[in-house]
Amino acid sequence: MSLQSDEIKKDFNFINDSLINVYDSIMRIEESELRKSRFKDITAKEVHLVHTIGLHDRKTTSQVARILKLSKGTLTANLNTLERKGYVMRIANQEDRRIINLGLTSKGRLLYRAHDAFHRLLVERFLKGFDDDDIRLIKQAMINLEDFIDEVSAK
């Protein structure tokens with residue numbers, strides 16, 4: 001029983017360290033690439049907010065805040081910065097002018113497409129060489145991870 005516990009602990013440590021390393025590495029790459037690009041005025045965290053708005057086009061601030069599990073105030077402060085930098089715009093809803101939806105400017109859409117391409121390449125490289133059964137296991141592991149994040153964020 002002890003051997004199994006030691007194996008589980010090694011697996012846990014490997015996975016935990018790998019997740020941290022991957023996250024840190026991706027953020028470093030994104031920050032570095034941003035500094036070399038025409039998007040020097042934005043941080044990697046801001047890029048992810050632009051990406052989320054691109055994925056959820058024409059959602060309200062409240063809807064995007066729920067998706068990101070942020071307070072509306074925190075999101076609004078970030079949106080103000082991104083709007084000032086020319087990446088995000090607020091758009092009056094056609095049916096009810098009191099409702100303001102979020103959208104991307106042309107500069108924001110360009111950044112969204114570049115960031116999306118980077119992540120597609122990253123996932124393609126990650127999955128290279130895996131068969132369908134491996135990919136199903138990875139998908140299930142990612143679903144488990146997302147479920148955990150949702151549970152912890154809901155508290």
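Quantities reported herein were computed from a predicted structural model and do not represent experimental measurements. Because only heavy atoms are used, hydrogens play no part in the values below, and waters and symmetry mates are left out as well, while side chains stay in. Positions are given from 1 along the sequence.
The number of heavy atoms from other shown groups lying within 6.0 Å of CZ (Arg125) does not exceed 12. Within a 6.0 Å radius of NZ in Lys139, no more than 12 heavy atoms belonging to other residues, nucleotides or ligands are found. No more than 12 heavy atoms of other residues, nucleotides or ligands sit less than 6.0 Å from atom NZ of Lys72.
Residues Ile143 and Gln140 meet the side-chain proximity criterion, which asks for heavy atoms closer than 4.5 Å. At a threshold of 4.5 Å between non-hydrogen side-chain atoms, the residues Leu34 and Thr43 do not count as touching. When side chains are defined from C-beta on, Asp131 counts as touching Asp134, because their heavy atoms get closer than 4.5 Å. With a 4.5 Å cut-off on side-chain heavy atoms, His51 and Leu111 do not count as touching. Residues Ile91 and Leu102 fail the side-chain proximity criterion, which asks for heavy atoms closer than 4.5 Å. Residues Lys59 and Arg66 form no side-chain contact, since every pair of their non-hydrogen atoms from C-beta on lies 4.5 Å or further apart. Proximity of Leu79 to Leu75: side-chain heavy atoms (C-beta onward) are separated by under 4.5 Å at one or more points. Looking at Val88 and Leu49, their side chains never come closer than 4.5 Å, going by heavy atoms from C-beta outward.
Hydrophobic clustering, with ILVMFWY side chains joined whenever heavy atoms are under 4.5 angstrom apart, keeps Val123 apart from Phe118. Under the 4.5 Å side-chain heavy-atom criterion for Ile, Leu, Val, Met, Phe, Trp and Tyr, Leu68 and Leu55 are members of the same hydrophobic cluster. Linking Ile, Leu, Val, Met, Phe, Trp and Tyr whenever their side-chain heavy atoms come within less than 4.5 Å leaves Ile15 and Val22 in two separate clusters. Both Leu70 and Ile53 are part of a single hydrophobic cluster, where members link through side-chain heavy atoms under 4.5 Å apart. Under a hydrophobic-cluster definition in which Ile, Leu, Val, Met, Phe, Trp and Tyr are linked whenever side-chain heavy atoms come within less than 4.5 Å, directly or via other members, Ile135 and Phe126 are assigned to the same cluster.
Atoms OH and CG, on Tyr112 and Asp57 in that order, are 9.0 Å from each other to the nearest 0.5 Å. Here NZ of Lys85 is found 13.0 Å from OG1 of Thr105. Values are rounded to the nearest 0.5 Å. Expressed to the nearest 0.5 Å, how far OG of Ser62 lies from CD1 of Ile100 amounts to 12.0 Å. Considering CE of Met27 and NZ of Lys45, their distance stands at 5.5 Å, rounded to 0.5 Å. Ile29 CD1 to Asp24 CG: the interatomic distance, rounded to the nearest 0.5 Å, is 11.0 Å. Rounded to the nearest 0.5 Å, atoms CE (Met142) and CG (Leu137) are 13.5 Å apart.
Between Arg28 and Glu31 there is no salt bridge, since no side-chain nitrogen of the basic residue lies less than 4.0 Å from a carboxylate oxygen of the acidic one. Salt bridge status for Asp132 with Arg136: absent, with no side-chain N to carboxylate O gap under 4.0 Å.
Using bins of under 30°, 30° to 60° and over 60° for the plane-to-plane angle, the ring pair Tyr87/Phe39 lands in the tilted bin.
If you check the side chains of His119 and Glu30, you find a donor sitting under 3.5 Å from an acceptor.
In terms of heavy atoms, Ile42 sits closest to Arg35 at O-NH2, 3.1 Å. In this structure, Leu104 and Arg109 approach most closely via the heavy-atom pair O-NH1, 2.9 Å. Minimum interatomic distance between Val47 and His115 (heavy atoms only, all atoms of both residues): CG1-CD2, 3.2 Å. Closest heavy-atom contact between Thr76 and Arg90: O-NH2, 3.9 Å.
At distances below 3.5 Å, not a single donor-acceptor pair connects side-chain atoms of Thr60 with backbone N or O atoms of Asn101.
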